[in-house]
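Structure, as structure tokens:
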Amino acid sequence: MYGECGARSECWEVFNSMAEHDVVSWNSIMGVMANSQAPISESVEVFSNMMRSGLTPNEVTFVNLLAALSPLSVLELGKQVHAVVLKHGAIEDKAVDNALVSCYAKSGDMDSCEQLFSEMSGRRDAVSWNSLISGYIYNGHLHEALDCVWLMMHSDQMMDCCTFSIVLNACASVAALERGMEMHAFGIRSQLESDVVVESALVDMYSKCGRIDYASKVFNSMSQKNEFSWNSMISGYARHGLGRKALDIFEEMQQSGANPDNVTFVSVLSACSHAGLVDRGLDYFEMMEDGGILPQIEHYSCVIDLLGRAGKLTKIREYIKRIPMKPNALIWRTVLVACQQSNDSERIDLGREASRMLLELEPQNPVNYVLASNFYAATGRWEDTVKARAAIEGAAVKKEAGRSWVTLGDGVHTFIAGDRSHPNTKEIYEKLSVLIQKIRNAGYVPMTEFALYDLEEENKEELLSYHSEKLAVAFVLTRSSSGVPIRIMKNLRVCGDCHMAFRYISQVIGRQIILRDSIRFHHFEDGNCSCGDYW
DNA sequence: CAATACACCG
């Protein structure tokens with residue numbers, strides 16, 4: 001009973017007070033440990049004690065033990081448990097097999113997963129399929145996961161709510177709109193779309209795939225909402241720069257009687273930040289503290305982000321002092337970005353401190369070197385930029401190349417900066433040069449401070465003009481002249497120059513451009529962006 | 001035994 005209520009210490013109290021333990025009592029306490037994410041070593045210890053007491057483990061024992069390993073499975077441990085399972089002849093049990101599939105998946109051993117799964121033919125259930133599918137996704141094999149979904153659909157196993165939630169989540173994380181819509185259609189056909197988890201996953205998927213309109217449609221049609229649904233919708237609007245709508249939903253959430261949690265406040269603060277509503281954000285931060293929700297380091301990071309957008313560096317210093325814990329890499333990254341974008345004279349010193357702390361705390365993260373070098377480049381200190389660049393080489397960290405992609409009828413087209421590998425390269429570059437001439441006539445001036453190397457002015461302009469997102473937009477224009485919005489995805493943050501250029505482009509071509517970068521969505525229309533140049 | 005939200009993410 002205490003286990004079901006999540007009262008871990010009470011469970012142990014009762015367990016320890018028992019004169020003797022049978023298999024059921026051991027199983028129960030192991031179940032409690034798995035649910036409360038106790039350290040793996042403790043669960044293994046309890047299992048050993050049980051074995052030592054001379055009892056024989058049963059199916060439930062193994063399922064609970066494997067569940068304890070599951071959160072961050074260790075392959076060696078999983079294999080050992082597997083061996084013990086085989087010794088006890090428990091392998092014919094569906095739940096134990098499924099737990100093993102899941103355990104191998106989390107350890108990254110998909111070969112063993114597939115092996116086990118194929119041996120289970122005849123006694124597979126939805127959980128077996130879902131474990132395999134989520135295993136593929138967990139290990140980054142989206143393609144195999146989708147193949148598996150297809151196989152599942154054509155097997156005699158029906159997909160269930162979990163299957164949809166798993167796959168929709170994967171579509172959301174790679175912004176695969178078309179796949180997500182297919183899943184939505186299957187869901188409707190299977191009459192699973194009215195499950196609150198599936199619907200929340202749909203809201204999130206549509207918002208992350210750029211269709212905030214569909215996201216809000218699904219959200220409004222929901223008959224029941226839980227905290228995930230509210231949080232998905234709020235963060236969805238925030239991500240699209242629709243801060244006021246996000247705050248409207250937040251108000252509605254409070255009126256509906258749902259309880260905003262710490263995730264809600266991260267979303268709300270980030271909504272204020274994305275919309276440039278600095279004072280309102282600070283009010284909400286106070287409201288959270290008054291409402292008895294203890295601010296986490298993420299909330300402080302949001303507040304610093306908020307102040308950074310308003311260029312209030314002195315206030316940032318104040319808030320850093322107020323953080324009750326030691327500022328982590330997230331905080332310093334946010335501070336560094338704030339300094340990069342500010343015009344305040346304080347930015348040099350504060351930015352220096354932030355970049356020093358950051359590289360000390362996380363020397364292995366390539367993103368930090370890029371941020372440091374961008375900061376120095378933006379402040380015109382080329383010697384330091386060169387040093388930061390050299391440090392990337394020295395630290396042997398691999399930075400991800402900037403990539404943009406678009407999905408047209410004939411598939412996905414990907415571009416990197418200066419890319420000449422596309423079969424239509426010639427037309428794309430011609431189109432781009434015409435486009436740049438047009439926007440220059442409209443008043444665009446290349447912002448060469450965003451070219452990262454210390455080059456002659458002219459070369460910088462050339463480097464900027466071949467950024468991947470500019471190539472992508474030129475490519476779309478070689479293909480279609482209709483009025484539908486142009487949708488571009490980018491893996492990194494959009495640079496200031498591309499952002500400015502896109503504002504002009506939306507104006508001269510009279511089309512809406514929706515650009516998703518690593519942070520959020522930008523809706524460009526008539527020379528303006530939904531982020532209001534806060535991003 | 002499988003599932004949904006945040007955070008400049010991995």
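Residue numbers begin at 1 in each chain, while the letters A, B, ... track the order of the sequences. Note that these values count all heavy atoms, side chains included, but never hydrogens, waters or copies made by symmetry.
A heavy atom closer than 4.0 Å to some atom of DNA chain B occurs in A:Asp204, A:Lys208, these being the qualifying members of residues 203-211 of chain A. Using a 4.0 Å cutoff on non-hydrogen atoms, the parts of residues 157-184 of chain A near DNA chain B are A:Asp160, A:Cys161, A:Cys162, A:Ser165, A:Ile166, A:Asn169, ordered by number.
Below the 3.5 angstrom threshold, one finds no donor paired with an acceptor across the side chain of A:Arg333 and the base of B:dC8. Scanning atom types as modelled, one donor and one acceptor separated by under 3.5 angstrom connect the side chain of A:Ser518 and the base of B:dC9.
Distance check, rounded to the nearest 0.5 Å: CD1 of A:Ile323 to CG of A:Asn328 gives 8.0 Å.
Distance from the side chain of A:Asn98 is smallest for B:dC1 among the nucleotides B:dC8, B:dA5, B:dC1. Of all nucleotides listed (B:dG10, B:dA5, B:dA2), B:dG10 comes nearest to the side chain of A:Asn365. Residue A:Asp305 has its side chain nearest to B:dC8 when only B:dA5, B:dT4, B:dC8 are considered. The nucleotide whose nearest atom lies closest to any side-chain atom of A:Ser232 is, among B:dC1, B:dA3, B:dA5, B:dA5. Of the candidate nucleotides B:dC1, B:dA5, B:dA7, B:dC1 has the atom nearest to the side chain of A:Val63. You'll find that the side chain of A:Val197 is closest to B:dT4, out of B:dA2, B:dT4, B:dC6. The side chain of A:Ser102 has B:dC1 as its nearest neighbour among B:dC9, B:dC1, B:dT4.
Distances shorter than 4.0 Å separate some side-chain N or O of A:Thr334 from OP1 or OP2 on B:dC8. Side-chain nitrogen and oxygen atoms of A:Ser270 include at least one within less than 4.0 Å of the OP1 or OP2 phosphate oxygen of B:dA7. Side-chain N/O atoms of A:Arg239 include one lying less than 4.0 angstrom from OP1 or OP2 on B:dC6. The side chain of A:Asn491 places no N or O atom within less than 4.0 Å of a non-bridging phosphate oxygen (OP1 or OP2) of B:dG10.
With hydrogens and angles left out, the side-chain atoms of A:Thr264 and A:Asn231 include a donor and acceptor closer than 3.5 Å. Side chains of A:Gln115 and A:Glu119: a donor-acceptor N/O pair is present below 3.5 angstrom, by distance only. Side chain to side chain, A:His274 and A:Arg239 fail the donor-acceptor criterion of an N or O pair below 3.5 Å. Donor-acceptor pairing under 3.5 Å is recorded for the side chains of A:Ser128 and A:Asn98.
For A:His184 and A:Tyr206, the ring centers sit closer than 6.0 Å to each other.
Judged by the 6.0 Å and 45° rule, A:Arg189 forms no cation-pi pair with A:Phe186.
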